[in-house]
A.B. asks: 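Questions regarding the structure given below will be posed in turn.
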Amino acid sequence: MPELPEVETVRRDLEALVVGARVERVVVTGARTVRRTSAEAVRAGLEGRALVAAGRRGKYLCVTLDDGRWLVVHLRMSGQLLVADAPSAPLLAHTHVRLALDDGRELRFVDPRTFGEVVVVDPARLDDEAPGIASLGPEPLDIDVAGLTRVLRPRRRQLKALLTDQHVIAGIGNIYADEIAHAAGVRFDRLGASLTRPELARLHASMQSILTAAIGARGSTLSDAQYVDLGGLGGGYQEHHAVYDREGQPCLRCGRPVLRVAWSGRSTFFCRRCQR
DNA sequence: AAGCACACCTGCTAGC
DNA sequence: TGCTAGCAGGTGTGCT
């Protein structure tokens, strides 16, 4: 579910709502969620620790603890972090980890599909303890046109494969790859090596503007409402999607029906007229 | 290197 | 109404 804008929204919520609190007690009820290490390792790594900063790399949330280690959370497809005002607040189905905070609230990890992960790592040993983070490409909001050109141009792979490959650029998934390609007027299946300078400039500009606007709208929440923020509320950027999940509806630029194709086992939405 | 298929799970919806 | 197939925002592996 969540891509960079959604994860960034959760990061900001963590910063505003739980940074400064101390973890008093940890209850792990979902073994798969802590499969990277173990329930005991997560409990031991968190109990007694204060949460001192909330960071993000790609789609990974990295909460710095007062001993310098990181609480790393990846939401994958269906994970949610939620704050409950009291431990007695009703427990949602598929709640796998609960952090009781010293102010009486609870930070909860809920994840129906159990693809998500929670782990405590030493940031100096990411290669071993969080290889997914260690091998991430650059942050899309931090690179310039030259940087984007460096990662896309030498590749004989399709644009969407490159944009959604976390080793190439971090944080972009199925929704925003389609939105960025549409806004730039470039088809999803163009090879990286075929992109012209003006196209790369447009891709860069679209990447910045769409991700920034999506963060401003607190992310995209589709009809299944799987993505919600720390308070359980959905985002608003789905109202601004030009193509994603809009098969048959008019392209917002030219009015032609948006097309959907199966691409690499997933849906891709695009406009045949606006994207070349 | 790139591109598949498939695996990991649950839940919702469209279609019969 | 009730069943089933298909699909879902992500990533990793293993095979061609």
Side-chain angles (χ1 to χ4, degrees), chain A residues 1-10 29-36 56-61 72-81 92-96 109-119 127 129-137 140 151-181 188-194 210-211 214-215 217-229 234-241 243-248 260-269:
Chain A
M1 110 183 129
E3 304 180 27
L4 186 152
E6 292 76 33
V7 178
E8 175 63 18
T9 300
V10 173
T29 49
R32 254 184 66 77
T33 298
V34 295
R35 63 192 177 279
R36 178 80 48 182
R56 178 189 59 75
R57 269 292 278 137
K59 301 171 191 170
Y60 289 84
L61 288 161
V72 172
V73 178
H74 198 304
L75 305 173
R76 293 287 178 100
M77 295 288 264
S78 62
Q80 301 176 345
L81 277 175
L92 289 177
H94 311 290
T95 300
H96 303 310
F109 183 77
V110 178
D111 184 14
R113 291 174 74 178
T114 70
F115 293 170
E117 290 189 60
V118 173
V119 65
D127 283 348
E129 299 182 2
I133 297 179
S135 63
L136 286 173
V151 297
L152 297 184
R153 233 351 182 0
R155 315 302 290 273
R156 301 194 55 78
R157 292 174 68 192
Q158 296 185 347
L159 175 63
K160 183 157 177 178
L162 293 167
L163 289 180
T164 57
D165 183 336
Q166 303 303 297
H167 308 292
V168 175
I169 306 180
I172 297 171
N174 212 34
I175 293 179
Y176 296 102
D178 284 3
E179 292 296 317
I180 290 166
F188 65 94
D189 53 0
R190 288 277 302 283
L191 297 185
S194 80
I210 284 174
L211 294 177
I215 292 168
R218 299 185 59 80
S220 299
T221 296
L222 303 184
S223 54
D224 59 9
Q226 282 205 85
Y227 161 68
V228 293
D229 63 20
Y237 194 70
Q238 65 284 355
E239 306 294 331
H240 301 278
H241 289 179
V243 288
Y244 190 82
D245 205 21
R246 296 192 63 244
E247 182 184 16
R260 180 175 80 92
V261 295
W263 180 89
S264 195
R266 284 237 148 68
S267 292
T268 286
F269 300 87

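In what follows, chains carry the letters A, B, and so on, assigned in the order in which the sequence lines appear, proteins first and then strands, with residues in each chain numbered from 1. These figures come from a predicted structure and were not determined experimentally. The basis for the numbers below is simple: all heavy atoms, side chains too, and nothing from hydrogens, waters or symmetry mates.
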A.B. asks: Near DNA chain C, which residues from residues 155-163 of chain A have a heavy atom under 4.0 Å away?
C.D. replies: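 Nothing qualifies; none.
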
A.B. asks: Mind checking T221(A) for me? I need base, sugar-phosphate or nothing, with any heavy atom below 4.0 Å counting as a touch.
C.D. replies: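 Base, at least one base atom sits under 4.0 Å.
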
A.B. asks: Could you check whether the rings of H241(A) and Y176(A) sit parallel, tilted or perpendicular, using 30° and 60° as the cut-offs?
C.D. replies: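 Taking Y176(A) first and then H241(A), their aromatic rings stand perpendicular (interplane angle over 60°).
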
A.B. asks: Under 4.0 Å: is that the gap between some side-chain N or O of R32(A) and OP1 or OP2 of dC9(B)?
C.D. replies: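 Answer is yes, contact under 4.0 Å.
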
A.B. asks: Between R76(A) (CZ) and dC8(B) (C1'), how many Å, whole number?
C.D. replies: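 Distance check: R76(A) CZ to dC8(B) C1' gives 9 Å.
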
A.B. asks: Find the distance L75(A):CG to dT10(B):P and express it as a whole number of Å.
C.D. replies: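 The answer, rounded to whole Å, is 18 Å.
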
A.B. asks: What integer distance in Å separates M77(A):CE from dG12(C):P?
C.D. replies: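 Answer to the nearest Å: 14 Å.
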
A.B. asks: Can you tell me how far C1' of dG11(B) sits from CD of Q226(A), to the nearest Å?
C.D. replies: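 Those two atoms, CD and C1', are 8 Å apart.
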
A.B. asks: Nearest to the side chain of P112(A) - dT11(C), dG11(B), dA8(C)?
C.D. replies: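 Selected nucleotide (nearest to the side chain): dG11(B).
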
A.B. asks: Can you find a side chain N or O atom of H94(A) that sits less than 4.0 Å from OP1 or OP2 on dC9(B)?
C.D. replies: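 It does not, given that no N or O in the side chain of H94(A) lies less than 4.0 Å from OP1 or OP2 of dC9(B).
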
A.B. asks: Ring-on-base stacking between F115(A) and dC9(B), under 5.5 Å between centres and under 30° between planes: is it there?
C.D. replies: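 The base of dC9(B) is not stacked with F115(A) (the test needs centres under 5.5 Å and planes under 30°).
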
A.B. asks: Have a look at S267(A) and say if it touches a base, only the backbone sugar-phosphate, or nothing, with a 4.0 Å heavy-atom cut-off.
C.D. replies: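 Since only primed, P, OP1 and OP2 atoms lie under 4.0 Å of S267(A), the category is sugar-phosphate.
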
A.B. asks: Phosphate oxygens OP1/OP2 of dC8(B): is one of them under 4.0 Å from a side-chain N or O of T114(A)?
C.D. replies: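 For dC8(B), neither OP1 nor OP2 has a side-chain N or O of T114(A) closer than 4.0 Å.
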
A.B. asks: Cut-off 3.5 Å, no hydrogens considered: what does the side-chain donor-acceptor table look like for residues 151-158 of chain A, sequence neighbours left out?
C.D. replies:
from    : atom 1 : to      : atom 2 : distance (Å)
R153(A) : NE     : L195(A) : O      : 2.9
R157(A) : NH1    : D165(A) : OD2    : 2.9
Q158(A) : OE1    : W263(A) : NE1    : 2.6

A.B. asks: Would you tell me if any nitrogen or oxygen in the side chain of H74(A) comes within less than 4.0 Å of OP1 or OP2 on dT11(C)?
C.D. replies: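 It does, given that an N or O in the side chain of H74(A) lies less than 4.0 Å from OP1 or OP2 of dT11(C).
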
A.B. asks: Which part of the nucleic acid, if any, lies within reach of Y176(A) when heavy atoms closer than 4.0 Å are counted: base, sugar-phosphate only, or nothing?
C.D. replies: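 No contact at all - Y176(A) keeps every heavy atom at 4.0 Å or more from the nucleic acid.
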
A.B. asks: My validator wants the stems of DNA chain B: runs of 3 or more consecutive Watson-Crick or G-U pairs, both distances under 3.5 Å, written as range with range.
C.D. replies: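 Looking at DNA chain B, the stems formed by three or more consecutive pairs are B:2-8 with C:10-16, B:10-16 with C:2-8.
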
A.B. asks: Roughly, in whole Å, what's the span from CD1 in I172(A) to P in dT11(C)?
C.D. replies: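 Rounding to the nearest Å, CD1 of I172(A) and P of dT11(C) are 11 Å apart.
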
A.B. asks: In whole angstrom, give the distance that lies between atom CZ of F109(A) and atom P of dC9(B).
C.D. replies: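 It works out to 14 Å between those atoms.
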
A.B. asks: When you look at R113(A) and S78(A), which way does the side-chain hydrogen bond (donor to acceptor under 3.5 Å, both in side chains) test go after all the steps?
C.D. replies: CA-CA 6 Å; R113(A) 291 174 74 178; S78(A) 62; 5.2 Å; no

A.B. asks: Could you state the CD-C1' distance from E247(A) to dT13(B), rounded to the nearest angstrom?
C.D. replies: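 Between C1' of dT13(B) and CD of E247(A): 15 Å.
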
A.B. asks: Report yes or no: is there a donor-acceptor pair, N or O only, under 3.5 Å between the side chain of R113(A) and the base of dA8(C)?
C.D. replies: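 Such a pair is found, so the answer is yes.
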
A.B. asks: For the backbone of T114(A) and the side chain of R32(A), can you confirm whether one donor and one acceptor N or O come within less than 3.5 Å of each other?
C.D. replies: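 A pair under 3.5 Å: yes.
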
